Amino acid sequence: MIKNLIKEAKCGDSDAFAELMQSQMKNMYKAARAILYNDEDVAEAISETILTCWEKLWQLREEDYFRTWMTRILINKCNDILRNQKNISLVEEIPEASSYDTKYENVEWKDALDSLGEKYRLVLMLYYVEGFKTGEISDILNMPESTVRSRLARGREQLAEELA
């Protein structure tokens, strides 16, 4: 089903592309939320990812790697947003309460994940929530697979301490 949507979208079918992106929306939200804390920034990263995917879909060689390719674009967009925020010095404000919908995950799990550093949180989200293998995470984050495995192990240790 997804492979067919990708093929149709590559041929310029905007409806197939819209359906493909809609099928990935929850995955994109969870991944972006692991990096960004503000829902507006998450929405911006997702919309920029969708635009980039549409513009560069022709570059995707293997349909099997669509999610990996799309997630890597999303992470790059999130990192761009973080870099831009560091470059802009604004008066600090009290962050608004998030309107994040918790019906898809356990609040305690989310709080525990939020307590971790980004490098552990992102790897754990990609592994446990998104279901990527360590090799795929290695490709997405452009780091050695051994680093992914060690971050998974350290992240699990920190999570265990947090939840204990």
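Keep in mind that the numbers below use all heavy atoms, side chains included, and drop hydrogens, waters and symmetry copies. Quick caveat: nothing in here was measured; it's all calculated off a predicted structure.
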Asker: Once ring pair (Phe, Tyr, Trp, His ring centres under 6.0 Å) is applied, do any residues pair with W54, and if so which ones, sequence neighbours excluded?
Answerer: F17

Asker: Rounded to the nearest 0.5 Å, what's the gap from CZ on R33 to SG on C78? Could you check?
Answerer: 11.5 Å

Asker: Hey, are the side chains of D139 and E145 touching, using non-hydrogen atoms and a 4.5 Å cut-off?
Answerer: no

Asker: Enumerate donor-acceptor pairs with a distance under 3.5 Å from any side-chain N or O in residues 151-159 to protein atoms, sequence neighbours excluded.
Answerer:
unit_1: R156; atom_1: NE; unit_2: Y128; atom_2: OH; d: 2.5
unit_1: R156; atom_1: NH2; unit_2: Y128; atom_2: OH; d: 3.2

Asker: Would you give the length of the straight line joining atom CD of E136 to atom CH2 of W69, rounded to the nearest 0.5 angstrom?
Answerer: 16.0 Å

Asker: Between F132 and Y65, is there a shared hydrophobic cluster once you connect ILVMFWY residues whose side-chain heavy atoms come closer than 4.5 Å?
Answerer: no

Asker: Of all the heavy-atom pairs spanning T68 and I140, show the shortest one and how long it is.
Answerer: CG2-CG1, 3.4 Å

Asker: Distance check, rounded to the nearest 0.5 Å: I46 atom CD1 versus E48 atom CD?
Answerer: 11.0 Å

Asker: So which heavy atom on A9 is nearest to which on A16, and how close?
Answerer: N-CB, 4.0 Å

Asker: Is it possible for you to say whether W58 and I2 belong to one hydrophobic cluster, with membership spreading through side-chain heavy-atom contacts below 4.5 Å?
Answerer: no

Asker: Once rounded to the nearest 0.5 Å, what's the spacing between atom OG of S14 and atom CE of M21?
Answerer: 13.0 Å

Asker: Following the transitive rule for hydrophobic clusters with a side-chain heavy-atom cut-off under 4.5 Å over Ile, Leu, Val, Met, Phe, Trp and Tyr, establish whether M25 and L74 coincide in one cluster.
Answerer: yes

Asker: Taking side chain to side chain donor-acceptor pair (under 3.5 Å) as the test, write out the residues that go with N27, two or more places apart.
Answerer: Q24

Asker: Are M143 and L124 linked, directly or through other ILVMFWY residues, by side chains that come within less than 4.5 angstrom of each other?
Answerer: yes

Asker: Mind listing the closest non-hydrogen atom pair of M70 and C53 along with its distance?
Answerer: CG-SG, 3.9 Å

Asker: Which heavy-atom pair separates L126 from E130 by the least distance, and what is that distance?
Answerer: O-CB, 3.4 Å

Asker: What pair of heavy atoms forms the shortest contact from M125 to A34, and how long is it?
Answerer: CG-CB, 3.4 Å

Asker: Write down the atom of L122, the atom of A31, and the distance for their closest heavy-atom approach.
Answerer: CD1-O, 4.3 Å

Asker: Can you tell me which residue pairs pass the salt bridge (charged side-chain N to carboxylate O under 4.0 Å, His left out) test with a partner in residues 2-16, sequence neighbours excluded?
Answerer: K3-D64, K10-E63

Asker: Applying salt bridge (Lys or Arg N to Asp or Glu O under 4.0 Å), name anything that partners E44, two or more places apart in sequence or on another chain.
Answerer: none

Asker: Decide yes or no for I81 and N38: does some side-chain heavy atom of the first lie under 4.5 Å from some side-chain heavy atom of the second?
Answerer: no

Asker: Starting from the C-alpha separation in whole Å, work towards a yes-or-no answer on side chain to side chain contact (heavy atoms under 4.5 Å, CB included) for E118 and R121.
Answerer: CA-CA 5 Å; E118 179 187 332; R121 183 176 60 247; 3.6 Å; yes

Asker: Considering only residues two or more places apart or on different chains, which pairs with a residue in residues 72-81 satisfy side-chain hydrogen bond (donor to acceptor under 3.5 Å, both in side chains)?
Answerer: T52-K77, D80-R83

Asker: Let me see the working for I50 and M28 under side chain to side chain contact (heavy atoms under 4.5 Å, CB included), right down to the final yes or no.
Answerer: CA-CA 10 Å; I50 291 170; M28 286 193 290; 4.1 Å; yes

